[in-house]
Structures are given as C-alpha cells and as structure tokens.
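In what follows, a single structure is set out as structure tokens and then discussed.
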There are 2 protein chains.
Amino acid sequence: MPRAKKPAEDPPGRDREATERRFVEAAARVLARDGAAGLGVNAIATEAGADKKLIYRYFGGLDGVLEALGAATGVWIGDLAPTPTNAKARSDYGARMLAAFTAYAEKLRGDLVLQKLLAWELAGPSDALGRIDTARSRQMGKMMHAIRGDAVPPAGVDAPAINAIALAALNYLVLRGATTGSFAGLPLKTEADWKRATTALESLLAAAYEKNRWRKL
Amino acid sequence: MPRAKKPAEDPPGRDREATERRFVEAAARVLARDGAAGLGVNAIATEAGADKKLIYRYFGGLDGVLEALGAATGVWIGDLAPTPTNAKARSDYGARMLAAFTAYAEKLRGDLVLQKLLAWELAGPSDALGRIDTARSRQMGKMMHAIRGDAVPPAGVDAPAINAIALAALNYLVLRGATTGSFAGLPLKTEADWKRATTALESLLAAAYEKNRWRKL
DNA sequence: TCCGTATGTCACTACACGGTGACATACGCT
DNA sequence: AGCGTATGTCACCGTGTAGTGACATACGGA
C-alpha cells in the first residue's frame, strides 16, 4: 500500500510527527469531500499517501485520528468574541449577538469540515462522534460566554432560548445551502441570498431584544 | 436467508403485495433505528424476514424501496392546514404561522423516520436520497401554501425568509433533541423544555410580525 | 562500528455487503 | 388433472473494508 492515486504531498520521509499530521489533514480532506460515510482507515491512509498500519500504531485506530481531528477543528469557534466599534453596540445585547451570529455563519459557510461534523452529529449518536464532539461543544459554550461579555439581555426575554433558536436556524440553513441550495423556498446560494437571510434574522432578533417591549402586551 | 433473528411478523405467505409492504415497513424501521448508514438491502431483508432477492425482483433494487418509502412518508406534512378557532386568529398571519410551526414540530418530534430523512438530507447530496426527497419537498411547499391561506403578512417584513428561519430552527432543534438532547445550553428533552423553546419562538415571530413595527424605526 | 529500535511497506485474513444464478414450491388457469 | 408462472429459498461471487503479522530499512546511541 504505497503512495496510491493521491500522492497528496512530498514523500513522507521517516518522520512520525509529520506523518501524524498527514493523517489528520487527510482525514479532514476526506470528511470535507465524502462526508462521514467515506471516513475510514483505508480512505484516510490512501489520501495521506501513507500506510494504514501506521494509523493503528500512532493513533490506536480510527478513533484516535478523529479525536485529533476534533482537537484541531473548532478552535476558531472560541475566537469569535466580537469587538464592537462604538460604545452603544458594546452594551447593546441584541446587536452583539447578531454580530457574533452573522460572523459565525460566514465562517461556517467556508468550513466544509465543520459542516460535515454538524451534519454527522444529527445523524445519530455514534461512539466515534463522541470523541470529536466534546471538545467542540466546550468551545461552543466558551463562545457564547465570550460574546455576551458585559452586555446583559433585556429583562423578560428568554435570551438563552432565543440565542439557541438563532444558532440552530443558522446551522440548518448553512447545511441546507451547502447541499440542496435552498430551504422552504428561500434560496441559499449567492451572497445576496445570505444577506437576505441574515437581514431577516436581524429583524427577528432586533424585535425580540427590543427593550421593554413586553410591557406593551 | 430465511427468517433471521428478527421474525418481525407472521409468516409471509405467498402474497406479493404483503411482501412489498413488509419491505417498505422494514425499511422505515431500519431507518428509524440505525439511520441512513444502516439502510441496505441485507438489513431491510433481514428486518422484513424475507429474502433480499425479492427486493430486486419487486423494486428493482434499493432505490425502489426508498422511493416507495418516500411516497409513504411525508404525507402528513401536507395535512397541516390549521383551522383557527376565531376570526382574529384566522386573519392574523403571525398567529397562523406560529400555530402551524408548533404543530409541525410536535409531529416531527414523534416521527423518527422523517427525522432521519432530514438528517440524511444534510449529510450531502446522494443519488438514493433524491428519490425520496422530491415527493416530500413538494408536500412541504403545499404545506406552506395551505398554512398561509387568505392571511397576508404585514408589509415591510420578508415573510418567506422569516418562515424559513423558523422552520430551520425547529428542524435543527428537533434533530438535536433526538440525538444530544440539548443545543447551545438549551435542554430539549422534556415537554417543558419544548414548551420553553416554542414560547421563545413565539416571542420572536410575534415581534417580527407585529403590524407596522417598521414604521417606528 | 554495530546493534536496537522506530519507521515504513506489504501481504494476508476475516467479514459484511450488494448483487445474481439456480433451484424449490405453491397458486391459478385451461 | 396438468402445466406455466409467480413467489419464495439458498448458495454463490466479486468487492471493499478493518485489522494484523511479517518483513525491510533508516536512524541514533553505546
């Protein structure tokens, strides 16, 4: 099983660290290209141009590679703390959330690996998935905390629930945009499509986080 | 390959229609239990307690079974036209939408097959999926049209985009509830959890569909 | 220099799956 | 009753995959 159809990069040389990196990067490429279904030791080894035996030697099996992949992925999620320009935006809870969410969505749209990971997550509980997931969900929580910062949500609104709904919608729409290209009649291909979607989300969040609006009822 | 570990139901007897039904129902059970990954001719035949050869004879292959499964599934989606009690609710666009969405979410939460189908859809384009999907997406459009009815959305709001966002959030939350049991810190297990989520969605939609609210800006 | 070990290579087994040909049997039509 | 065909059963092949044992080779320390 020498370097097969995909030479990927230059000859491995006799370097364990480099080889391990090759495997993890190969796993990411395979996952981005073929999804969770195509993620196996054979595919990864072929993509990395190395022998699968080394996967068992260095990672103890497929799970180890996925674990390393999970550690490598999703680090950017924790770095989404927004830096609002003016003081008003800094203290406006809704504006902060919206800015962070749109930034998150844009990043996610460009991250094929994370997309497949999210889709995989919805396919059902898997022993292999657990390894990847834990690290990422921790980062997710960290992101939520960093975004909030010192801003406080208006009283009377269930901010965690509303934020979860917004995030859920974004995740789903990005995934659908990547596969079918639209959802429920809403196109999700061009940049203009996404501008429209985020504008609609903005109107939802702005209305919900409007201060004191619940007194009016 | 006689009746294997899963006898499912009584002896097949020599009845083609009944056998075909067995296969489709078996496919639904396998999909609900093991997801798209476990959906294969061997698994379906074993679950149905019949021989896989008959799958090829009667359905031409796995695709035929999935097509039949798609036709059977998703029929209820078209029957979600709400019947508002009072005249106000009938004409209130936001209320109509919210009622339909919550009803849809509740149905979806109980439909394991449709859940796996939605998750499958997000895993990437698949030749097999196309067969199932088309019929269902048509039903989806019909639902949206039936819900709207004679009510018209307030001017100045992008109703299709907002509705898509709401539906996307519900789909994602239901899927996450079925797998991880929570999302972004929002628990999605108990009935109370879902009450909380739908209440938050209600606040979002009510605020967005409030008449003339955009004049205030 | 020589030897031990880490690194890499290859061949092989065991297994599950999709798919098909050959056979057995029960039903219905004439 | 006899026969043709639909229905059901079984054995088999080719393929792709996970995983392992055996071997080759380069590097580094005694």
Let me have DNA chain C in dot-bracket notation, would you? Count Watson-Crick plus G-U wobble pairs, both distances under 3.5 Å, and use [ ] for pairs crossing earlier ones and | for inter-strand partners.
||||||||||||||||||||||||||||||
B:N42 CG - C:dG19 C1' separation (whole Å)
9 Å
Does this structure show an ion pair linking B:R109 with B:E191, if we count only N-O contacts that are shorter than 4.0 Å?
yes
Does the base of C:dG8 carry an N or O that pairs as donor and acceptor with the side chain of A:K53 under 3.5 Å?
no
Does the side chain to side chain contact (heavy atoms under 4.5 Å, CB included) test come out yes or no for B:L175 and B:T179, once each step is laid out?
CA-CA 6 Å; B:L175 259 34; B:T179 54; 5.7 Å; no
Using whole Å, report how far CD of B:E17 lies from P of D:dG8.
12 Å
Let me know the distance between CZ of B:R16 and C1' of D:dT9, rounded to the nearest Å.
17 Å
Which nucleotide, C:dG19, D:dA18, D:dT7, lies nearest any side-chain atom of A:Y56?
D:dA18
Do B:L167 and B:M140 come close enough that some side-chain heavy atom pair is under 4.5 Å?
yes
Could you tell me how far apart A:D51 (CG) and C:dC12 (P) are, to the nearest whole angstrom?
15 Å
Mind calculating the distance between CZ (A:F59) and P (D:dT20) to the nearest angstrom?
17 Å
Roughly how many Å is it from OH in A:Y58 to C1' in C:dA6, rounded to a whole number?
7 Å
Check every atom of C:dG8, C:dG18, D:dT7 against the side chain of B:R14 and return the nucleotide holding the closest atom.
D:dT7
Protein-nucleotide distance (B:D15, atom CG; D:dG8, atom C1'), rounded to Å
12 Å
Want to settle it: does B:L54 or A:R57 sit nearer the 5' end of DNA chain D, counting the closest nucleotide to each?
B:L54
Would you kindly give the NZ-to-P distance between A:K52 and C:dC12, to the nearest whole Å?
14 Å
